[in-house]
Amino acid sequence: MKGKFITFEGCEGVGKSTQVRFLKEYMTNMDQKCIFLREPGGTDISEDIRKIILDTKNVGMTNECETLLYCAARAQLIKQVILPSLEQGISVICDRFIDSTFAYQGVARGLGAEYVEQLNDLACNGVKPDITIFLDLSPDEAFARKGGADKNDRLEQENLEFHKKVYEGYKLAAKRNPKRIVCIDASGDKFATQAKIKTVLREGGYIK
Ligand code: TMP
């Protein structure tokens, strides 16, 4: 039986990593066959690409180069880990995926939907998430939560204006993929958000 492919998306500071960790604890306790990954990353090659992308010394990186690197890291992850796992009936939970490229590079960097969707399709080789949890929180609130821009990472150090565009990008992605992307209000307490996520995933049959 095929495993389920679940992705998490959201702007910086929305508590995405915490929610992914909560789900990991739950899945482990329930003894459900699954692996947890992050993008860009999840394989040695993809982690190396991640370092290049996020390195603050690479200020001269073009938007096109950045997009292609995210897609290269993704192509490696899909063939090496995601596809074989799904085929073996192991569910895959990934922190960020194609909608990050849509929101960050397509919308915030301004490369356009068509450009990133074509590259995403090439990288993904027909693999699409069964469900995507979008943690919905305004960038103002998210920025306040994490205490402003992070100077250690080339993308995170972008200003609030950039992150507002990322948020708009996510909203647009959700509008274009209403069946796959589920928007979860992440403005409340982290345990309340966790409960909402679990309900959506259980009711949809994505987890036990
Ligand atoms: P992380 O901080 O969630 O690990 O993600 C790394 C950064 O990369 C984050 O700022 C979002 C960004 N990103 C993109 O711009 N495009 C993408 O396709 C992906 C996967 C991440």
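First listed ligand is number 1; within each ligand, the first listed atom is number 1. These numbers were taken from a predicted model, which means no experiment stands behind them.
Heavy atoms of R38 found under 4.0 angstrom from ligand 1: none, in either backbone or side chain.
Judged purely by distance below 3.5 Å, without hydrogens or angles, the side chains of Q19 and Q194 never pair a donor atom with an acceptor atom. A side-chain donor-acceptor contact under 3.5 Å links D136 and Y167. Between E9 and S100, the side chains place a donor N or O and an acceptor N or O closer than 3.5 Å (distance only, hydrogens not considered).
Below 3.5 Å of separation, one finds no N or O of E66 facing any N or O of ligand 1. Taking distance alone, with nitrogen or oxygen atoms compared against 3.5 Å, Y70 approaches ligand 1 more closely than that limit.
Near R74, with a cut-off below 4.0 Å to any heavy atom, the atoms of ligand 1 are 18 (O), 20 (C). Near L155, with a cut-off below 4.0 Å to any heavy atom, the atoms of ligand 1 are 10 (O), 15 (O). For ligand 1, the atoms lying closer than 4.0 Å to a non-hydrogen atom of K16 are 3 (O). Residue E156 has at least one heavy-atom neighbour below 4.0 Å for each of these atoms of ligand 1: 2 (O).
In this structure, K164 is not positioned above the aromatic face of F162 in the sense of NZ or CZ being under 6.0 Å from the six-membered ring centre and within 45° of the axis.
For atom 16 (N) of ligand 1, the closest non-hydrogen atom of the protein is Q105 OE1, 2.8 Å. Distance from atom 1 (P) of ligand 1 to its nearest protein heavy atom, with residue and atom name: R96 NE, 3.6 Å. Residue, atom and distance of the protein heavy atom nearest to atom 18 (O) of ligand 1 are T101 OG1, 2.6 Å.
The ring of F8 has its center no closer than 6.0 angstrom to the ring center of F134.
Evaluated for a salt bridge (charged side-chain N to carboxylate O under 4.0 Å, His left out) with D99, the options K175, K128, R180 yield exactly one hit, R180.
At a 4.0 Å cut-off, at least one heavy atom of R50 sits close enough to ligand 1 to count as contact.
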